[in-house]
Number of protein chains: 2
Amino acid sequence: MAAAPNIREVALLAGVSVGTVSNVLNRPELVAEPTRDRVNAAIAELGFVRNDSARQLRVGRSRTLGLVVLDVANPFFTDVARGVEDTANQHGLAVILCNTDEDPAKEASHLDLLAEMRVQGVLINPIDTDGRLTALRERGIPVVLFDRLGDPALECSVAVDDTLGGRLAATHLIESGHRSILFVGGPRSLRQVQERYEGAAEVVAADGSAELTVLPTTALNVAAGRAAGDQIAARGRDTLPSAVFCANDLLALGVLQALTHAGLRVPGDVAIVGYDDIDFAAAAAVPLSSVRQPRQQLGRTAAELLLAETTEDDHEHRQVVFEPELVVRESSTR
Amino acid sequence: MAAAPNIREVALLAGVSVGTVSNVLNRPELVAEPTRDRVNAAIAELGFVRNDSARQLRVGRSRTLGLVVLDVANPFFTDVARGVEDTANQHGLAVILCNTDEDPAKEASHLDLLAEMRVQGVLINPIDTDGRLTALRERGIPVVLFDRLGDPALECSVAVDDTLGGRLAATHLIESGHRSILFVGGPRSLRQVQERYEGAAEVVAADGSAELTVLPTTALNVAAGRAAGDQIAARGRDTLPSAVFCANDLLALGVLQALTHAGLRVPGDVAIVGYDDIDFAAAAAVPLSSVRQPRQQLGRTAAELLLAETTEDDHEHRQVVFEPELVVRESSTR
DNA sequence: GGCGGGCGTTGAACCGATTCAGTCTTCCCG
DNA sequence: CGGGAAGACTGAATCGGTTCAACGCCCGCC
């Protein structure tokens with residue numbers, strides 16, 4: 001394997017100067033056609049591939065963008081990542097993916113690496129909002145928050161209205177005749193969980209005739225949902241809630257599974273509404289009603305805001321808030 | 001936001017030469033302690049961040065690694081990606097994620113970009129095996145295939161023994177007393193699908209008393225599974241297979257849903273075995289039996305092979321084949 | 001006293017693409 | 001026929017770390 005040829009060797013072979021080769025690569029319209037053909041032939045013959053670090057060094061910025069998420073294994077982030085990638089690719093940018101596992105130390109070290117790489121910007125669902133992010137901004141690297149609103153003086157952000165989502169779910173259940181609703185979710189310290197609960201609580205309070213109770217969980221995964229479902233099933237028929245609203249679909253799937261196991265019918269005995277509308281919600285044995293978040297859209301928009309910030313000279317930070325949408329399926333219809 | 005300070009300004013402030021600053025950054029043990037402290041203080045004061053492209057240009061290789069998958073939205077690839085990322089991070093490398101959507105043109109353009117970035121190597125589940133990959137190798141960029149074996153003369157590869165997986169599933173079903181087994185999966189052009197089928201067919205043929213039929217699908221997702229399930233349910237009780245073996249869990253979830261819908265009991269009327277053991281398999285309303293692939297392990301191993309190839313001077317390409325494992329759950333036990 | 005060796009530091013060359021001021025042609029028009 | 005402008009191309013300076021040969025210095029040893 002021969003050493004990678006550089007632009008000088010291409011110039012030599014084509015009988016032109018390096019400047020011309022560079023022009024062929026970057027502004028081909030400036031170069032006369034016969035010359036351009038000769039250069040392209042030389043490039044093909046040598047198998048020349050532009051060295052991006054040299055280009056970057058000269059130009060000052062890279063062609064990558066950092067995406068920092070809590071966990072790619074969560075389908076929610078996966079879909080966001082798809083949106084980001086699609087938009088980035090359209091603009092010739094590559095995406096560097098980082099998982100933080102909700103660990104501030106991992107978050108910090110990833111951000112340091114991204115700063116060294118001079119990424120065009122960072123899209124992040126932050127844990128430790130202020131530590132490194134301020135530093136990044138000071139270094140001139142734009143930051144866009146997603147799934148959480150930031151300070152509009154400092155950065156752009158994209159989120160979904162979780163309070164509205166909670167209201168949608170509760171309204172649907174009340175209109176379907178449910179009077180005792182159980183909210184399953186936690187930890188409450190997560191903004192999303194808290195706001196979804198508050199939205200539901202608001203609607204229930206306004207109605208007057210219904211009541212909302214809470215069953216806290218320690219995590220937002222299927223196992224925690226199963227545990228919650230077991231607790232619900234253990235209550236005995238007369239103290240069952242008539243409907244359960246879960247803080248996300250993973251919980252809802254767990255609850256569904258535990259209730260079915262215990263011989264309870266969904267939605268006959270207990271209705272269930274989840275949140276996120278991940279693909280598996282529709283694929284559950286009893287298809288789950290769920291509050292849909294425009295996940296890919298979230299990712300695309302975040303990426304677009306970032307690109308806007310890098311190109312506009314008089315950029316004003318924006319906050320985009322999407323509205324969730326209720327998708328009613330079998331788990332909440334009688 | 002001030003322009004990013006460079007190593008020269010740090011040197012000036014600390015009263016040393018640029019060479020010394022570089023040594024503090026890369027081989028601190030060569031620098032006397034008081035000098036080192038002065039330099040570190042200057043770095044902190046200026047908020048200096050090393051410019052990785054300059055470093056890369058000089059050193060010749062980057063600190064990133066490319067991961068090219070068919071679709072991040074598939075939980076299988078997500079878990080592989082986690083494994084890759086964990087290993088890469090341990091070695092101070094960042095991961096650039098690319099989706100190909102099974103489109104050779106997207107694959108090619110991603111590989112071109114990765115080549116320009118001079119990534120340390122590429123991990124790929126290739127569609128178009130030979131086109132660009134040969135070119136990459138010629139440019140000296142190591143390639144590791146995963147979920148598919150390559151030519152051991154050319155590259156390392158990591159895969160799971162899909163024939164064995166098929167044998168495990170069929171053996172389990174036959175031993176549970178099933179005599180008419182239906183294989184659901186497609187397109188047959190996918191190596192994985194074909195081998196899983198062949199493994200099952202082998203066992204069935206050896207047994208003699210059982211029979212294996214095939215219901216082809218055009219894709220490996222939940223919707224295709226539902227369609228297949230509807231077809232099966234339409235057959236009428238006496239011609240039902242007693243067990244269904246699906247080429248992956250997404251199909252199995254779809255089949256499960258359609259059968260349940262049609263009033264058939266799983267596993268009472270029809271048993272189901274899936275493949276992959278994605279997290280949602282255990283969480284289905286009837287927990288799915290499935291053939292588990294060591295997904296994170298696959299990713300970690302692929303990354304390790306790549307690192308080995310970049311560090312060892314007398315590297316020999318290896319092929320690692322993992323053994324899948326059958327996880328029996330409710331969907332196939334009476 | 002002289003010599004060798006180790007330690008700490010220096011500073012210029014280097015990596016490879018981009019950019020831009022400048023040169024050389026050619027052609028048009030008065 | 002001369003002036004001027006447009007078009008095509010050149011080549012050196014530049015980006016910012018890294019590396020390494022070379023240097024100064026001090027210490028210990030014969």
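Please read all numbers here as calculations on a predicted model, not as lab measurements. Within every chain, numbering begins at 1; the chains are lettered A, B, ... in the order of the sequence lines, protein sequences first and strands thereafter.
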(request) Select one nucleotide: of dG16(C), dG17(D), dT10(C), the one nearest the side-chain heavy atoms of T20(B). (result) dT10(C)
Give each protein N/O atom lying under 3.5 Å from an N/O atom of nucleotides 4-7 of chain D, with the pair distance.
none

(request) Could you tell me whether D52(A) contacts a base, only the sugar-phosphate backbone, or nothing, with contacts defined as non-hydrogen atoms closer than 4.0 Å? (result) nothing
(message) For a side chain to side chain contact (heavy atoms under 4.5 Å, CB included) check, start with the C-alpha distance between L145(A) and E155(A), then their side-chain angles and the critical distance, and finish with the verdict.
(response) CA-CA 7 Å; L145(A) 308 187; E155(A) 65 234 333; 3.6 Å; yes
(message) Quick check for you: among dG17(D), dT19(D), dA17(C), whose closest atom lies nearest to any side-chain atom of N23(B)?
(response) dT19(D)
(message) Taking any heavy-atom pair under 4.0 Å as a contact, classify V18(A): base, sugar-phosphate, or nothing.
(response) base
(request) Could you tell me whether R61(B) contacts a base, only the sugar-phosphate backbone, or nothing, with contacts defined as non-hydrogen atoms closer than 4.0 Å? (result) nothing
(request) Figure out the CZ/C1' separation between R8(A) and dA12(D), and round it to whole Å. (result) 10 Å
(request) Look at the side chain of N89(B) and the backbone N and O of L93(B), then say whether any donor-acceptor pair between them is shorter than 3.5 Å. (result) yes
(request) Give R50(A) one of three labels, base, sugar-phosphate or nothing, depending on what nucleic acid heavy atoms sit under 4.0 Å from its own. (result) sugar-phosphate
(message) Need to verify one output field. Residue with the more 5' nearest nucleotide on DNA chain C, R58(A) or R58(B)?
(response) R58(B)
(request) Using Watson-Crick or G-U wobble pairs with both distances under 3.5 Å, give me DNA chain D in dot-bracket, 5' to 3', with [ ] for crossers and | for pairs to another strand. (result) ||||||||||||||||||||||||||||||
(message) Could you tell me how far apart L57(A) (CG) and dG16(C) (C1') are, to the nearest whole angstrom?
(response) 9 Å
(request) For R118(A), report the nucleic acid contact type (base, sugar-phosphate, nothing); a contact means any heavy atom under 4.0 Å. (result) nothing
Close N/O contacts between protein and nucleotides 4-8 of chain C (under 3.5 Å):
none

(message) Does dG16(D) have OP1 or OP2 under 4.0 Å away from a side-chain N or O of N51(B)?
(response) no
